[in-house]
Amino acid sequence: MPSEGRCWETLQALRSSDKGRLCYHRDWLLRGEDVLEECVSTPQLSSYAGWVVEHVLPHTQENLSPSETSASSRSTSGLDQPSLVPTPPIRSLAFSPASPGAPAAPEGTAGKHESQHTEPMLLQSSRGIKVEGCIRMYELVHRMKGTEGLRLWQEEQERKVRALSEMASEQLKRFDERKELKHHKEFQDLREMMEKSSREALGQQEKLRAEHRHRAKILNLKLWEAEQQRLKQVEQERLRREEGQVRLRGLYALQEELLHLNQQLDSAGQHRDLQVALLALRSRGNQLCGLISGIIRTTSENGFPTAEDQAVAERALQEMRELLADARACEDKRRQEEEEAQVKRQESQLQQRPEVRRECPAPSPGPAGKRNEDLQVKVQDSTMQWYQQLQEASRQCVLAFEGLTSSKDSQVKKIKMDLQKAATIPVSQISTIAGSKLKEIFDKIHNLLSGKPVQSGGRSVSVTLNPQGLDFVQYKLAEKFVKQGEEEVASHHEAAFPIAVVASGIWELHPRVGDLILAHLHKNCPYSVPFYPAFREGMALEDYQRMLGYQVKDSKVEQQDNFLKRMSGMMRLYAAIIQLRWPYGTRQEAHPHGLNHGWRWLAQILNMEPLSDVTATLLFDFLEVCGNALMKQYQAQFWKMMLLIKEDYFPRIEAITSSGQMGSFIRLKQFLEKCLQRKEIPVPKGFLTSSFWRS
């Protein structure tokens, strides 16, 4: 078939088709790349191609001649392959080619439309079919070319990917090499910098070593100088201590000689007529002894005596010798006068006639009027006997429980510790919190002393656990009461009253405990007797200081302020005990140690020579605590006693008090003057009122 005729037929068929009847507008060209893109896109078969192959093509082949049939079969042989020619369903023809985006028409309408278009197509020549087959062949070839191109493109892309991967791998290797080179370079720089810093540090260290050696030389030189200075000071201190020791031994020797001379002075002039004449000498001798004792006490606190202290002691010793010489002179004079009087009496007796009647001698006025003006030094014999009886009772009590304290048995030791805790812990718990709490403590102590079991430390304790338990508990209880006065009352004056009221109640029910309280009190504070222990020949100085009430540890005497504080606490406790009674006890009997003993103590201490700093302190404490009770008890007699203290006793205290010890004297003087002015002794602070026992 000629190509020209075929082309015209093809064009005619296309013009007669639905697409050929479409109207094309020139303004589509203005769409530009969109239209061109549609033109160069892959051609696609019409949706009628499948239907044409299945329905139209068989009928046209029946009407062709054998030659045309063979030609058409050759031309369409490639289209009869079911694998290459798709057969879309008939329903796809429902869409109009003129309007691809229009919705599908109903089935009736679609059938009618198909019948209108199939009738002319059946009438078309075999050339349209061939054209359609050519189109399908073109589409197949184009698809195969596209598939091949895609495969080639994929291979090309894979080659590119491999190339890119290899290139990236090579670049990564180069990057790693550059990074490793950079790290190596940085490491080299760091090592060089460290070596440089090390060299600089070594240089600086060497410089510091040189400077250190220089400073060490200077420091060693200074240390050597300081050591030489220290050795020099040590040598000076040694010499000073040796000199001080020599002075101290000399001071002790002077004190010993002074006390010996004072004893001779006390023993001199036993005749009644010489007592008044020698009393002033003895008083001065006691003052000199007190002066030496004060110097030694001050020396013990400050170190060693000075040359001035030694000079004062020597002058005091010289004065004591003069006093003793005066006393002996008085005694010799008295003896000589007695001898002369005896000679005269003998001569007169020889001259008298026997018939002359004997005349009665007239009573001499004597020194009775002056005796009241001078004070005694020693305690009264009855008081001294009472003091010794109490100390002997205390010693007997210690001997009574010696087996309990010296036992090595662990069970006995445990009993001893339990009894000691049961006796001392309740006393430590005494306070001014409430009367009910105080009653619990009192009942616990009373039950323990009565042999009843009490709880202590989570265990039941009783004095019946050991035959010596009661003696041990009584002794430790009395010791603890006095210890509380020495420590607790000394620091808190108000604590004297709750401790005293419990002690007074226990004393009333258990008299032996009261005697042991007095024994401990007199031993720790002899001024509560009152008793001034005398220095005996051969007695060690430390023992004598302990007798005076001082605490001596490692040959060191406690300071005067601490000593006075302890004495004050014990004196306040004693002054509170004599005026208080246990409110829950029976008041049918008198107080076991009442205000009459306080009046006796006050009278006896006013009849004794005062001691510097001690007497004023104890008088103030006693009157501040017990003065109100004594005022109510003795009334006018009490105020006479206060006037006596002010007018007669104050000058004696002031005469023996040094300027550095005037504090206690001034405090006593101001207190007494204020009381005399108001004619009233105030109630002591912390006194237990009736409201306390209701709490």
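For the 3.5 Å distance criterion, the side chains of S428 and Q484 fail to qualify, holding no donor opposite an acceptor. Between the side chains of Y550 and Q559, no donor-acceptor pair of N or O atoms lies under 3.5 Å.
Considering only heavy atoms from C-beta on, E227 comes within 4.5 Å of R230 through its side chain. You'll find the side chain of L564 stays beyond 4.5 Å of the side chain of S664, heavy atoms only. Side-chain contact between Y649 and T615 is present, with heavy atoms from C-beta onward closer than 4.5 Å.
The CE atom of M642 lies 5.0 Å from the CG atom of L602; values are rounded to the nearest 0.5 Å. Interatomic distance, L219 CG to R213 CZ, rounded to the nearest 0.5 Å: 15.5 Å.
R215 and E211 are joined by a salt bridge, as a carboxylate oxygen and a charged side-chain nitrogen come within less than 4.0 angstrom of each other. With respect to R566 and E558, a salt bridge is recorded, a charged nitrogen being found less than 4.0 Å from a carboxylate O. The residues E624 and R572 are annotated as salt-bridged, a charged nitrogen and a carboxylate oxygen being separated by less than 4.0 angstrom. For the pair K232 and E235, the salt-bridge criterion is not met [side-chain N within less than 4.0 Å of a carboxylate O]. Ion pairing between E673 and K646 fails under the 4.0 Å rule for side-chain N and carboxylate O. A salt bridge does not link K222 to E225: none of the charged nitrogens lies less than 4.0 Å from a carboxylate oxygen. Ion pairing between K483 and E487 holds under the 4.0 Å rule for side-chain N and carboxylate O. Ion pairing of K421 with D418 is absent here, as no side-chain N (NZ or NE/NH1/NH2) approaches a carboxylate O to less than 4.0 Å.
The nearest pair of heavy atoms linking D621 to S568 is OD2-OG, 2.5 Å. Contact record, L419 with G469: CD1-CA, 3.9 Å, taken as the closest heavy-atom pair. The two residues R600 and P530 have their closest heavy-atom pair at NH1-CD, 4.4 Å. The nearest pair of heavy atoms linking T405 to K416 is CA-CD, 4.0 Å. The two residues V482 and L573 have their closest heavy-atom pair at CA-CD2, 4.4 Å. Between W386 and V529, the shortest heavy-atom contact is CZ3-O, 4.3 Å.
The aromatic ring centres of Y574 and F622 sit 6.0 Å or more apart. Taking the centre of each ring, H520 and F481 stay at or above the 6.0 Å mark.
Ring geometry, F401 versus Y475: the interplanar angle falls from 30° to 60°, so the pair is classed tilted.
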Side chain to side chain donor-acceptor pair (under 3.5 Å) for Q396 and E392? Distances and angles first, verdict last. CA-CA 6 Å; Q396 292 297 328; E392 180 63 25; 2.8 Å; yes
